[in-house]
> 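Pasting a structure here, questions to come.
What you see is a predicted model, and the numbers here were worked out from it, not measured in a lab. Count residues from 1 along the sequence.
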Amino acid sequence: MDYGLIGEKLGHSFSKEIHEKLADYTYDLCPLTKEEFKDFMDKKEFRSINVTIPYKRDVIPYLASMDDSARAIGAVNTIVNRNGKLYGYNTDMPGFIYMVNKNNIVIKGKKVVVLGNGGAAQAIKAAVRKLEASEMIVVDILLTEGVISYEECFEKHKDAEIIINTSPVGMFPKVEASPVDLTHFPKCEAVLDVIYNPLTTKLVAQARELGKIGVTGLEMLVAQAKYAVEIFLDTKIDESEIDRIYREMI
């Protein structure tokens with residue numbers, strides 16, 4: 001394939017439609033098992049690809065170099081093949097920042113809880129730092145350095161003002177799941193969920209019911225795709241295209 005997306009499960013992906021609205025190429029969805037992933041990366045039979053769960057970190061050893069944002073984040077979602085050498089980028093961070101700004105959400109000076117600590121979370125955490133949150137709490141089921149449990153979060157961080165879900169909890173087809181009950185967070189002003197299928201997750205639906213801002217990840221997906229196409233084709237695309245395609249996808 002020339003252009004496409006690799007990941008483990010891609011049945012939920014809208015990336016093909018979005019890329020083919022942005023650029024004049026065929027964009028293939030390429031689900032890969034762990035074994036197939038290694039073979040795919042060794043062969044390098046592509047021009048440019050996007051990378052999603054669970055391979056955003058696994059691709060790094062195959063790269064000749066990464067841009068500053070990918071290096072700082074420690075995860076890659078965009079790869080360009082230049083004469084057999086692979087170069088890595090991360091467009092998730094600017095995609096997330098676009099979504100924050102588009103929905104008039106203020107992170108500067110706020111206490112932010114980030115749910116999940118996988119590949120998707122790394123770009124979000126970098127964005128939260130860039131947007132100057134006063135405090136960032138990272139919560140996950142796997143406890144590593146700097147990460148707390150959900151139980152500790154409910155006990156000590158009820159005053160969170162912004163909640164961001166980067167975990168897959170609530171993603172299609174398990175749409176009845178939600179990573180947290182927002183009644184634990186009475187001071188919460190806004191919820192951002194990077195999941196985009198379903199268009200309204202159970203978490204975001206609860207946020208809206210409670211009178212909070214609730215946003216799912218389709219705008220972020222379109223924005224990061226736009227930034228990826230610019231890297232793929234070494235071109236510039238007007239920022240207004242993000243909102244146009246977002247509305248078409250809705």
Side-chain angles (χ1 to χ4, degrees), residues 14-15 18 21-22 69 72-73 77 90-116 120-139 153 157-171 178-230 236-250:
F14 298 156
S15 292
I18 293 168
K21 289 175 185 290
L22 282 163
S69 64
I73 293 163
N77 81 323
N90 195 301
T91 65
D92 284 332
M93 183 171 79
F96 178 76
I97 291 172
Y98 171 89
M99 183 170 73
V100 169
N101 292 335
K102 185 72 168 55
N103 290 280
N104 300 312
I105 295 167
V106 176
I107 286 180
K108 185 173 182 177
K110 300 290 176 67
K111 182 172 184 175
V112 177
V113 165
V114 176
L115 306 175
Q122 308 318 307
I124 304 310
K125 292 191 295 182
V128 170
R129 287 190 286 267
K130 186 179 179 72
L131 293 170
E132 300 179 0
S134 63
E135 187 177 1
M136 178 170 62
I137 310 299
V138 182
V139 186
C153 178
H157 301 289
K158 292 179 180 179
D159 58 341
E161 296 161 284
I162 309 287
I163 295 174
I164 305 168
N165 180 43
T166 74
S167 82
V169 178
M171 185 186 290
S178 181
V180 295
D181 180 347
L182 293 174
T183 59
H184 287 290
F185 304 98
K187 292 189 176 180
C188 178
E189 302 166 5
V191 173
L192 297 115
D193 195 333
V194 302
I195 292 171
Y196 52 85
N197 189 0
L199 286 172
T200 303
T201 59
K202 189 172 182 180
L203 178 68
V204 164
Q206 186 187 26
R208 293 171 182 170
E209 286 165 10
L210 294 172
K212 310 173 192 301
I213 298 170
V215 181
T216 46
L218 185 59
E219 282 176 308
M220 175 181 168
L221 180 73
V222 177
Q224 67 82 18
K226 195 273 275 196
Y227 303 138
V229 172
E230 291 179 330
K236 281 290 176 190
I237 298 170
D238 194 273
E239 199 86 342
S240 64
E241 285 295 280
I242 300 172
D243 195 53
R244 180 184 71 80
I245 292 171
Y246 169 73
R247 292 179 185 281
E248 284 183 15
M249 296 300 293
I250 289 287

> Is there a side-chain contact between E239 and K226 (heavy atoms, below 4.5 Å)?
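Yes, their side chains come closer than 4.5 Å.
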
> Of the non-hydrogen atoms in S167 and P179, which two are nearest, and what is the gap between them?
OG-CB, 4.2 Å

> Excluding sequence neighbours, so at least two apart, what forms side-chain contact (heavy atoms from CB on, under 4.5 Å) with M171?
H12, P168, I195

> To the nearest 0.5 Å, tell me how far L192 CG sits from I107 CD1.
6.5 Å

> Donor-acceptor pairs under 3.5 angstrom involving side-chain atoms of residues 93-101: please list them, not counting sequence neighbours.
from : atom 1 : to  : atom 2 : distance (Å)
N101 : ND2    : I97 : O      : 3.4

> Atom CE in M136, atom CZ in R129: separation rounded to 0.5 Å?
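Answer for the CE-CZ pair, M136 versus R129, is 4.5 Å.
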
> By side-chain hydrogen bond (donor to acceptor under 3.5 Å, both in side chains), which residues pair with Q224, not counting sequence neighbours?
N77, T91

> Nearest 0.5 Å, what's the CG-CD1 distance between L221 and I245?
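So the gap between those two atoms works out to 10.5 Å.
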
> Report the residue from T166, V194, V139 that forms a side-chain contact (heavy atoms from CB on, under 4.5 Å) with L115.
V139

> Kindly write out the residues that satisfy side-chain hydrogen bond (donor to acceptor under 3.5 Å, both in side chains) with S15, not counting sequence neighbours, or none if the list is empty.
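Partners of S15 by the side-chain hydrogen bond (donor to acceptor under 3.5 Å, both in side chains) criterion, ordered by chain and then number, come out as S13.
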
> Flag the pair E135 / D159 as yes when at least one side-chain heavy-atom distance between them is below 4.5 Å, and no otherwise.
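E135 does not reach D159 side chain to side chain.
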
> Between V180 and F185, is a side-chain contact (heavy atoms from CB on, under 4.5 Å) present by the stated rule, with each step listed?
CA-CA 10 Å; V180 295; F185 304 98; 4.3 Å; yes

> Once salt bridge (Lys or Arg N to Asp or Glu O under 4.0 Å) is applied, do any residues pair with K236, and if so which ones, sequence neighbours excluded?
none

> Starting at CG of L199, measure out to CD1 of I250 and round the result to the nearest 0.5 Å.
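So the gap between those two atoms works out to 5.0 Å.
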
> If every non-hydrogen atom of A225 is compared with every non-hydrogen atom of L22, which pair is closest and at what distance?
C-CD1, 3.9 Å

> Show me the side-chain donor-acceptor pairs of residues 204-214 shorter than 3.5 Å, one per line, residues at least two apart or across chains.
from : atom 1 : to   : atom 2 : distance (Å)
Q206 : OE1    : L182 : N      : 3.0
Q206 : NE2    : D181 : OD1    : 2.8
R208 : NE     : G214 : O      : 3.1
R208 : NH1    : T200 : OG1    : 3.4
R208 : NH2    : G214 : O      : 2.9
K212 : NZ     : C188 : O      : 3.1

> Can you name the residues that form a side-chain hydrogen bond (donor to acceptor under 3.5 Å, both in side chains) with D193, not counting sequence neighbours?
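Partners of D193 under the side-chain hydrogen bond (donor to acceptor under 3.5 Å, both in side chains) test: N165, T201.
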
> Among residues two or more places apart or on two chains, list those pairs meeting salt bridge (Lys or Arg N to Asp or Glu O under 4.0 Å) that have a residue in residues 241-250.
K21-E248, K102-D243, E241-R244, D243-R247, R244-E248

> Of the non-hydrogen atoms in A126 and I73, which two are nearest, and what is the gap between them?
CB-CG1, 3.7 Å

> What residues form a side-chain contact (heavy atoms from CB on, under 4.5 Å) with K110, not counting sequence neighbours?
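Residues passing side-chain contact (heavy atoms from CB on, under 4.5 Å) with K110: V106, E161, I162, E189.
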
> Mind checking what makes side-chain hydrogen bond (donor to acceptor under 3.5 Å, both in side chains) contact with S69, not counting sequence neighbours?
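Partners of S69 under the side-chain hydrogen bond (donor to acceptor under 3.5 Å, both in side chains) test: D67.
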
> If every non-hydrogen atom of V112 is compared with every non-hydrogen atom of A133, which pair is closest and at what distance?
CG2-CB, 3.8 Å

> Do you know the tightest heavy-atom contact between D92 and M220?
O-CE, 3.6 Å

> Indicate whether the side chain of E219 and that of N103 have a donor and an acceptor atom separated by less than 3.5 Å.
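Indeed, the side chains of E219 and N103 share at least one donor-acceptor pair under 3.5 Å.
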
> Write down the atom of S134, the atom of G109, and the distance for their closest heavy-atom approach.
OG-O, 3.3 Å

